[in-house]
Protein chains: 2
Amino acid sequence: MTLAEKAYVDLRHDIIRGVLAPGRPLRLADLSERYGMGFSPLREALNRLQAERLVTAESLRGFRVAPLSLDELHDTVSLRILIETRALRAAIAEGDDAWAAGIVSALYALKLQAGRSGPDADIWALEARHHAFHLSLLAACNSPWTLEFVERLYAATERYRIPVLLDAGLAAGRDVQAEHSALADATLDRDADRAAALLEAHYLHTVEALTAAMRPEATEAVRARAAK
Amino acid sequence: MTLAEKAYVDLRHDIIRGVLAPGRPLRLADLSERYGMGFSPLREALNRLQAERLVTAESLRGFRVAPLSLDELHDTVSLRILIETRALRAAIAEGDDAWAAGIVSALYALKLQAGRSGPDADIWALEARHHAFHLSLLAACNSPWTLEFVERLYAATERYRIPVLLDAGLAAGRDVQAEHSALADATLDRDADRAAALLEAHYLHTVEALTAAMRPEATEAVRARAAK
DNA sequence: GCAATATGGATTTTCGAAAATTTTTGCATT
DNA sequence: AATGCAAAAATTTTCGAAAATCCATATTGC
């Protein structure tokens with residue numbers, strides 16, 4: 001892996017997880033020290049991230065972590081519902097046994113991690129498996145552009161989820177794993193209407209929870225935590 | 001505008017128009033001479049274009065213009081229909097007078113250019129106004145991510161259209177301007193169902209024409225022309 | 001003859017410094 | 001005290017060269 005690729009992976013990682021807070025200026029001297037490399041690979045990574053809307057850039061004034069806003073959250077979620085429900089229908093129509101087995105496998109791994117607590121609990125491992133599960137549902141949709149947009153929207157949405165997730169137990173009376181199981185069941189039953197409806201409900205529940213957590217009075221605390 | 005921005009604009013332009021043929025290796029020494037700048041700004045532009053899928057990159061093996069394929073064409077068009085019909089419905093629901101006036105203006109300018117022939121005909125001016133017209137329809141959709149994806153899919157699709165467009169008169173018995181007028185009428189009438197159906201038909205006609213032009217026996221000629 | 005390996009040139013990648021630009025600071029003037 | 005301006009500092013952008021890697025060709029050993 002080249003340094004530029006490493007810079008891209010690490011920066012993306014740190015932006016999505018909120019280690020680099022929204023709006024924060026990304027000064028090359030700082031980044032160079034933090035990631036241990038020269039300006040060139042960093043600038044290449046920043047340009048890629050700019051194209052992905054994870055960072056903003058202004059001529060001769062450098063880069064910043066892209067800001068967050070409730071409007072953007074709603075925008076991304078409604079697009080996710082549109083694109084992912086269609087992809088899910090396509091996958092259900094075209095998926096083979098390997099696709100179905102992939103879903104079963106991803107769901108099982110997700111549940112294992114979700115069931116862990118105490119020292120074995122690992123929010124990042126959980127997030128990775130959550131994302132992998134959702135991707136496994138769509139894997140058979142046979143549309144590279146759809147998967148690309150799904151990945152982009154995932155990254156955009158994840159930035160809103162992380163600060164809330166770190167507030168452990170904000171799942172507030174919601175059994176997320178049950179939603180996942182029901183979604184997998186409907187998908188494996190090839191019941192496209194039911195699966196699409198469950199996927200939509202899943203995302204609407206998520207955005208509801210996030211909106212509640214991001215209400216004006218909560219915003220300050222969330223931002224502050226994300227900045228650490 | 002910085003050199004890196006200029007490199008991005010120029011490279012994107014040349015890739016979309018087929019001046020740089022699909023699959024062609026993008027060697028830094030060549031690009032440096034062609035665009036009159038050093039490696040740094042070029043690499044930054046290439047990284048942005050990679051994120052946009054207009055170029056491909058392989059570690060330590062440099063960049064290439066992204067290849068074309070009929071499968072990808074169908075993928076992009078079906079996504080455009082999904083995303084743009086939704087955006088069009090949203091715009092119809094929310095658009096104000098300025099939005100409507102923008103459509104009238106863009107359609108008028110498009111027709112002016114489409115009516116020109118001989119020395120005044122300018123395929124690039126026509127394309128620009130065509131794109132501007134389609135954007136004007138969606139301008140009021142109030143969804144930055146939608147407009148971003150629309151722009152990305154436009155660029156991807158345009159690469160398939162250009163070689164065919166240069167074969168003047170391949171509009172083959174199709175009155176494209178009439179389709180635009182009907183689409184604008186339905187939109188200005190706020191008839192969302194009719195407008196969405198017309199938009200979908202418009203894109204399906206386009207992909208049909210392109211598929212016909214790109215049939216195996218035609219592919220060679222198209223590729224050769226694009227390479228110039 | 002043929003596979004494996006060395007060699008040289010082409011190419012990408014990275015760095016460090018120079019150039020260009022913005023931002024801050026200090027100072028003088030009103 | 002506020003304003004305007006100049007110098008200094010900080011920062012981004014770009015270049016040119018060095019380092020690392022890949023690729024084609026020749027050469028060696030069998």
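Here is how names work: the chains are called A, B, and so on, in the same order as the sequence lines, proteins then strands, and each is numbered from 1. Computed over heavy atoms, backbone and side chain alike; hydrogens, waters and symmetry mates excluded.
Between the CD atom of E5(A) and the P atom of dT21(D) there is a distance of 13 Å, rounded to whole Å. One can place CG of L28(A) at 13 Å from P of dC15(C), the figure rounded to the nearest angstrom. One atom, CG of L42(A), and another, P of dT13(D), lie 13 Å apart when rounded to the nearest Å. Atom pair R43(B):CZ and dT13(D):P shows a separation of 17 Å (rounding to whole Å applied). Here dA18(D) presents its P atom at 14 Å from CZ of F39(B), a figure rounded to the nearest Å.
Heavy-atom distances under 4.0 Å link DNA chain D to L60(B), R61(B) of residues 50-65 of chain B, given in residue order.
The side chain to side chain donor-acceptor pair (under 3.5 Å) check on R80(A) picks up E84(A), T157(A), Y203(A), with sequence neighbours excluded. For H131(B), the side chain to side chain donor-acceptor pair (under 3.5 Å) criterion is met by E151(B), not counting sequence neighbours. The salt bridge (charged side-chain N to carboxylate O under 4.0 Å, His left out) search around R116(B) returns none, not counting sequence neighbours. Partners of E148(B) by side chain to side chain donor-acceptor pair (under 3.5 Å), not counting sequence neighbours, listed by chain and number: R53(A), R152(A).
Heavy atoms of L26(B) sit under 4.0 angstrom from primed sugar atoms or phosphate atoms, though from no base atom. Using a 4.0 Å heavy-atom distance criterion, L3(B) is classed as a sugar-phosphate-only contact. Counting any heavy atom pair closer than 4.0 Å across all strands shown, S40(A) reaches a base atom.
Of the listed nucleotides (dC15(D), dT12(C), dT13(D)), dC15(D) has the atom at the smallest distance from the side chain of M37(B). When the nucleotides dT12(D), dT13(C), dC15(D) are ranked by their closest atom to the side chain of P41(B), dC15(D) comes out on top.
Checking side-chain atoms of H134(A) against main-chain N and O of H130(A) turns up no donor-acceptor pair under 3.5 Å.
Put simply, R27(B) has no side-chain N or O that comes within less than 4.0 Å of OP1 or OP2 on dA10(C).
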Report all side-chain donor-acceptor pairs from residues 29-41 of chain B shorter than 3.5 Å, counting only partners two or more places apart or in another chain.
{"from": "S32(B)", "atom 1": "OG", "to": "M37(B)", "atom 2": "O", "distance (Å)": "2.6"}
{"from": "Y35(B)", "atom 1": "OH", "to": "D14(B)", "atom 2": "OD2", "distance (Å)": "2.7"}

